[in-house]
Structure formats: structure tokens, C-alpha cells
Amino acid sequence: MSNAGNAPRIIPLEEGWNDEIKAKAIDKLEAMLDGGMRQTNMFGPREYVNIYTVCYDMCTQRSPYNWSRDLYQRHGETMERYLTSKVLPALREKTGQGGPLLLQELQHRWKNHQIMNKWLKRFFTYLDRYYVKHHSLPTLEQAGLRCFKTFIYEECKSDSTSAILALIQDERDGKIIDKSLVKSIVELYEHMGMSSLEAYNADFEVALLESTREYYAKKRDEWINDSTPDYLIKAEDALTDERTRVSDYLNANSEGNLLKVVEEELLEKVETELLEKESSGCRALLQNDKSEDLQRMFRLFSRLESSNNSSNANASATPNSAGLQPIATIVQDFITNQGMDVVQRRQARLDGGEKDKNDDPKFVKSMIELHEKYLGVVKRDFAGHSYFQKALKDAFCEIINRNVGNFTNAELMSTFCDRILKSGGEKLNESEVEEHLDRIVQLFSYLTDKDLFAEIYRNQLAKRLLNQRSTSDDAEKLMIAKLKVQCGTQFTSKMEGMLADLAVGSQQRQKFKQKMQEKAGSVKLDFGVQVLTTGFWPTYKSPEVSLTKEMSSCMEVFREWHDQEHQKRKLSWVLTQGSASVLATFGKKSYDLQVATLQAIALDALSGGPTFTLEDLAQRLNLEDAILKPLMHSLSCGKYKVIQKSPANSKINPGDKFTANPKFSSNMRKLRIPMASLDSSFNTKKVEEDRTIAIEAAIVRIMKARKTLQHQQLLSEVLAQLSFFNPNPRVVKKRIEGLIDREYLERSPDNSGVYNYLA
């Protein structure tokens, strides 16, 4: 036993606990907490090390003197005793004295418990490191929280929740509350979840959401009699307040659920009533251009979109009955009605006796202004949201395709472009021209019959180019580029070919001019030719008119030169599209007459003063009445009557006599004498033929890829592919029958409603 004196002293359980741990640590800690001392260093370093050492020694002694299990058990008993003997009675005393007092006491006791839990954990650190880990027990901190939850939280949570909700209600009503107090109790709920929000959600948030729903249901009933803008201002303020409330003292995860409850009560349940209010609903705001109110309406009801989308995540994609879709429907109806008012005003003008013609800039400008206005509304007030872009598109598709009078909107729009791009039309600078073209192309995008617009535009473009009436080549190219972006290369290929012809033609004219200069002695006319590629340009009438000797000579020179330059090309003359400058002398005054080629031939026939009847001229010029009558009308009945007609009226009849007008006089020396077009603005038959080809091509393309298709599927795919026009299903069916007859397709032997492709 000689080494007995060097062996460490065994610390008995009761001695170590009562004389050291309880007396020097626990009792002192409880006394300080009860006395209100909460400073960080309640125990000095020496005190702490001594207590820690005692605990360490008691846990590291060999069995049966290892007291780890007993100390772990007494740690819990200490917590339980203090909570049940000191804390719980104090809270029970405050329960009946009002919510704030209870919360203040709970706050005080919770902070004390956190301090006690911290120090006991530090004293018994060795237990946490080895005993707790080895036996898979709750850590000392967890055990302390569980103890508080079991003996304090479970009894107080109902009263504390009611007290918090009462304070929140007071704040909503405009009273000032102690936010830090509420925040600290909310943190207690969070801790009681043991690293989760289970306790917070179950014991507080559910009640919070229910009380919030009740509160705003009452507010909704109070506010609903206000105007829609006033109601939405209050709703927006309420949402802002609730968001602030969450950031001030609630858990951040509550924000979504809390705001959703407010949105449901203040917005979703009364959306239809708010939007349909007669004097302040969505229509009234649109009518009165209330941009700020519309933006607020969009902001608020767009909040319902995300909640609807999340709740319907597994449902099929259908328009929401709440949110932005009802507003978009109202916007579409409103814009449609506004557009129909413009259409009806045009109809009223025509009914009032205004001449119906293909040039109505007032109508087209009204459409442009209407579209510009509501495009701005969609972008500015509705943030360019897809619902409202679709509403604008659907509205204008209905408006733009509602034709009034004898001329389609496609023709009116094309003629408006003609006014902009033609010299002598609209007086606009370069930037204004581009702006107008941008806007007209926007309207064009809504047209169903885009191919009809293209045909009319191509004819008018040809006239501008051939008559040298285009204000700018750059502007022409710009418009074609815009149409190309909208509809693709195929849509504008002919128009681009026309411009290319003119570019190449200028080089050819320069070469031919040198040829003419070589024959200056034998040719008396300043003669030029524009060569056109047949496929690009419209088809024009080309009468076999009797030319003057000089014209025939010049044309023969050009033919010889052209055949040498381009041996494989065939020339055919289109004299109806030519122009001439004629020097005419009436009395002592000379004039420079800018006329068409046919007008120049007629003037030459009447030069020198002879008189001819209509029949004489028809025989002399080899022209039929359909061409001769408008020709002579332009010279004898127009603004500049260079030819005298008898009898002197405004109609050309058989037997009328014509001669040069010896009394003609004008203040201007250079005169342009227009002539009515001999060709229609577009060829309806050609448009129908092109459509037939496009329909058949689409059918063959689809069937070649699919091999076998049912009739309805084929019809749907054909309609989807044809973007330049909207064919009648009956026409498509007829073209299918035609392709069956020509053995591109066959009906299935088993089912007559199914088609097979024949390779």
C-alpha cells in the first residue's frame, strides 16, 4: 500500500454534487438569475475552472465511481426543478394580468433559461464530449431546450400566442407596440422547434394566418364601397405593412403565407367586383387614361398569378379565373370597341356621301394612333406582360380585318404607304417616314390577308419606280426590309427583284446612251429604256399601238443593241408604263408636257391642228375604246385641256371630235398631265391562283413528311402553315380532292377520312 498516498482522491457523488457543483455553481447561478444579474462573465476564470475540474474528475473516475450517468440525470433534474418551482409560478401569476405582462415575464424567463443552459453546458462540457456522444443522448443544450418546452412552453403557448396576435391587431389598427418584445417571443417559438420551424408553424403561424384572414375580411367589407383606385391603394398599403411586419419581428418564412392570405381576402375574392365597377373599374381607368391606377392594378393582381400557378402546378394549362387574365379580357374588349368606333366612323362618312376610294389616310392614321396608344398602355401600364400583348394582338386582328366599303383595309394600308413613299404625297422628313413605316408594318402584322397586301403594294411600288415618283430608294428598301422581317424572304423576293432591276438597268441605260450618241445624227429623240424581269413585275396591258416614226426608229436601235448584249433574252414592249416629255407650243408660248407614252403618241397624231373623231383616232392609233377613252379623257377633260373636245363635256362618247386646243394657256411652263391607270391596283384572279398553289404545296409538303394523316389533322396543319392568308376549309378540302385526282394522294381503303401520300 506504499503507493496509496499518490493515488487520486475518489470524489463521492453526493459530496461532489452537493458541496461543489450545486453549492458553488448551480445555487449561485440561480441566485444571480433571480437577482437580475445577467452579465456575460457571471463566473470568474478560477471559479469556472474549479467547477469544470470537479465535473471532469467525477466523469473520469473508474467504475463504480464514474458518475457520468448520474450527473447527466441530475443536470435534467436541476433544470426541471428550477423551471417548475420558480419559472412556472411566476408565469401563472402574470397570465391573468394581461397579454403584454405575460409576454414580458416569458421574455425574462426565456433569457434566464438561455443563460442557465449556457453555463450548465459549459460546466458539464465533458459529458457532451464523451458520455452523450457514446450513448447517443440529446446534447445538454438540447436537453435544456426540451425541458423548457415540456414544462413552460407547452403550458404558456396558447396564452402567449393570443397575446402576440392581440399586439399585432393593435399595430394594424395604428397603435404603437413593443416590437422587440414580440420579436423575442417569436424567437422562442423558433427555438422550440429544435432546429426546425415545426413549433413556430403549428403553434403560432396557423393562428396568425387565421386572425389575419378574419381581420382583412372585415376590412374588405369596409373598403369595398370605395372606388376601385382607392380600394387598391389601401390593399397595396396593407400588403406593404404586412411585409414590413415580417421583417420587423416575424420569421421570414411567414411572408409568403401571410401575404397570400391578404391577397386572397383583399384581391382574389372581390376581383370581379373591383374590375367591373361602372365608374371606377378597369374600363373606366382605360377610358380616362389613368395610367398610375392601371399600373397599381397590374402590380396587385399579378401577385395572384404566382399563387395560382403554384397551386395549379399539376393541372393543365388553362387561363386563370383570377389574376391578370380577367383584366386582359377587359383590355381586349375595350381596345376592340375603340377600334370598332374608328371603323364605324369610316362607315358613317361613306354613308354620309363621302366618295369611297382606296385612299383614306384619315382612317389609317386613326388606326395607327389607336395602336400606338394602347401599345404604350401595354408596355407602360402592364409591363409588356404576355397576356396583354395577346389581348392587343387579338383586338387588332379583329379590328384590322373588319373591312368597310368597297376597299379592303389591306388596300387602304398599302395606299397609305404609297402616300408616304411617293413624291408629292405626305410631307415628311426621313425620321418621320421611318416612324410611319414602322407603325404601318405593326398594323400589317395583324392582317389576315397579307398576300393581298403584298400584291397591292407590289403594284404601287412598280408605279412609283417606273414613273420615278419614289421619294427615296433608301425608304423603299427600308419598307421592304421591315416586311421581310415580318414575313420572310419569300414574301419580299419579287419586290427586291424590282429594285435590283432598276439598279442593273441604270448601268444598261448608260451603255445604251453611248450607243445613241454614236447615232446622234439619225435619232432625233432623247430615248431611254428600262428593262424589267418578267417574274418580278406586275402584268401590264400591252396594246399594239401605232408608234411615231421616231419612236419606232429608236426602239429598233435598242432592240439591235440589246440582242447583241443579251442574246438569250426576249424583249416585249410595255408601252403603257412608259413616259415622255413633249415640247408643245400653243400660240406664242411653249410648254414642257410630262405625259405617258400613249399620251405622247396621241398628241403627235393631233400635232399641227388636224381634227379627228374618236373612231378616226382608234383606227389611226390602233387602240381599242377601253384604252383610247381614258387616254383622250386625260388630255381633253382633265386639269390641263391641251386637246379640245366637242361637244365640250366630261364624257368621251362615240363621234366626239378632238383637235389641239389653240386657246390653251397656263402660268406654269412644266406641266404633268396624269392619266388613269389602265390596270387594276391588283389582280384578284392572280391572288387566288397564288393561294391555290400555296395550299397545294402545303398539303404535299405535310403529307410527304407524315405519309398518312386523318382529314382533320391535315386540315389543321395546313391552316397552321399558311401564315400569309386564312384559307376557307372548304377550299382546302377542294384542293385535297384535286391532288387525289392528280394522284399525289389517295384515300385509305380502310377509312375514307384518312389520306395516304403517293410517292
Side-chain angles (χ1 to χ4, degrees), residues 308-309 312-321 325 328-329 332-333 336 386-387 389-403 408-410 444-455 483-494 682-759:
N308 281 335
N309 290 339
N312 296 325
N314 297 321
S316 60
T318 54
N320 295 325
S321 58
Q325 188 59 52
T329 301
Q332 180 180 334
D333 292 343
T336 302
S386 58
Y387 284 176
Q389 289 184 9
K390 184 177 184 299
L392 181 72
K393 178 183 176 182
D394 292 348
F396 268 89
C397 282
E398 184 173 349
I399 297 164
I400 291 299
N401 294 293
R402 183 69 61 89
N403 297 317
T408 64
N409 288 345
F444 161 80
S445 68
Y446 304 119
L447 270 177
T448 300
D449 298 330
K450 292 182 174 66
D451 59 339
L452 180 61
F453 175 94
E455 182 65 20
L483 293 175
K484 189 174 182 177
V485 169
Q486 279 285 336
C487 300
T489 305
Q490 180 186 354
F491 189 81
T492 58
S493 59
K494 291 182 179 180
F682 65 97
N683 189 334
T684 307
K685 186 177 179 181
K686 184 178 183 306
V687 172
E688 292 301 326
E689 288 174 355
D690 289 345
R691 288 184 174 183
T692 297
I693 294 169
I695 293 170
E696 290 187 348
I699 294 170
V700 171
R701 194 163 50 244
I702 292 165
M703 289 302 299
K704 189 174 183 179
R706 304 291 293 276
K707 305 302 182 187
T708 299
L709 266 185
Q710 290 184 348
H711 174 78
Q712 202 58 44
Q713 287 178 291
L714 177 57
L715 184 64
S716 298
E717 292 196 29
V718 169
L719 294 176
Q721 279 200 15
L722 298 173
S723 57
F724 297 157
F725 64 97
N726 190 17
N728 189 317
R730 292 181 181 177
V731 176
V732 178
K733 185 176 181 182
K734 189 175 179 181
R735 297 330 316 154
I736 293 173
E737 297 292 343
L739 290 169
I740 291 174
D741 293 341
R742 287 169 12 229
E743 297 185 353
Y744 284 91
L745 309 177
E746 68 172 3
R747 293 187 185 276
S748 171
D750 302 325
N751 187 344
S752 61
V754 175
Y755 304 111
N756 297 326
Y757 176 72
L758 297 176

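Residue numbers run from 1 in the order of the sequence given. Just so we're clear, the structure is a prediction, and the values are computed from it rather than from any experiment.
For Leu758 against Glu743, the heavy-atom pair with the smallest separation is CD1-O, 3.6 Å. Across all non-hydrogen atoms, the minimal contact from Ala395 to Gln332 is CB-O, 3.7 Å.
Two residues are said to be in side-chain contact when any heavy atoms from C-beta on lie closer than 4.5 Å; Phe396 and Ser445 fail this criterion. Within the 4.5 Å cutoff, no side-chain heavy atoms of Tyr755 are placed close to those of Thr708. Counting heavy atoms from C-beta outward, Phe453 and Leu447 have side chains that approach closer than 4.5 Å.
Between the side chain of Lys484 and the backbone N or O of Phe491 there is no donor-acceptor pair closer than 3.5 Å. No donor-acceptor distance shorter than 3.5 angstrom exists from the side chain of Asn756 to the backbone of Glu746, with no hydrogens or angles considered.
For Lys393, the side-chain contact (heavy atoms from CB on, under 4.5 Å) partners at least two apart in sequence or on another chain are Cys397, Tyr446. For Glu398, the side-chain contact (heavy atoms from CB on, under 4.5 Å) partners are Thr336, Met340, Arg402, not counting sequence neighbours. Partners of Asn751 under the side-chain contact (heavy atoms from CB on, under 4.5 Å) rule, at least two apart in sequence or in another chain, are Val754. Evaluation of the side-chain contact (heavy atoms from CB on, under 4.5 Å) rule for Asp451 yields Asp449, Val687, Arg691, Phe724, Phe725 as partners, not counting sequence neighbours.
Sorted by first and then second residue, the salt bridge (charged side-chain N to carboxylate O under 4.0 Å, His left out) pairs with a member in residues 714-733 read Arg706-Glu717; sequence neighbours excluded.
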For residues 693-705, which side-chain N or O atoms pair as donor and acceptor with protein atoms under 3.5 Å away, sequence neighbours left out?
{"from": "Glu696", "atom 1": "OE1", "to": "Arg742", "atom 2": "NH2", "distance (Å)": "2.9"}
{"from": "Glu696", "atom 1": "OE2", "to": "Arg735", "atom 2": "NE", "distance (Å)": "3.1"}
{"from": "Glu696", "atom 1": "OE2", "to": "Arg735", "atom 2": "NH2", "distance (Å)": "2.9"}
{"from": "Glu696", "atom 1": "OE2", "to": "Arg742", "atom 2": "NH1", "distance (Å)": "3.1"}
{"from": "Arg701", "atom 1": "NE", "to": "Gln721", "atom 2": "OE1", "distance (Å)": "3.3"}
{"from": "Arg701", "atom 1": "NH2", "to": "Gln721", "atom 2": "OE1", "distance (Å)": "2.9"}

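Residue Thr448 holds its OG1 atom at 3.0 Å from CG of Asn401, rounded to the nearest 0.5 Å.
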Could you please spell out the steps behind the side chain to side chain contact (heavy atoms under 4.5 Å, CB included) verdict for Gln710 and Leu714? CA-CA 6 Å; Gln710 290 184 348; Leu714 177 57; over 6 Å; no
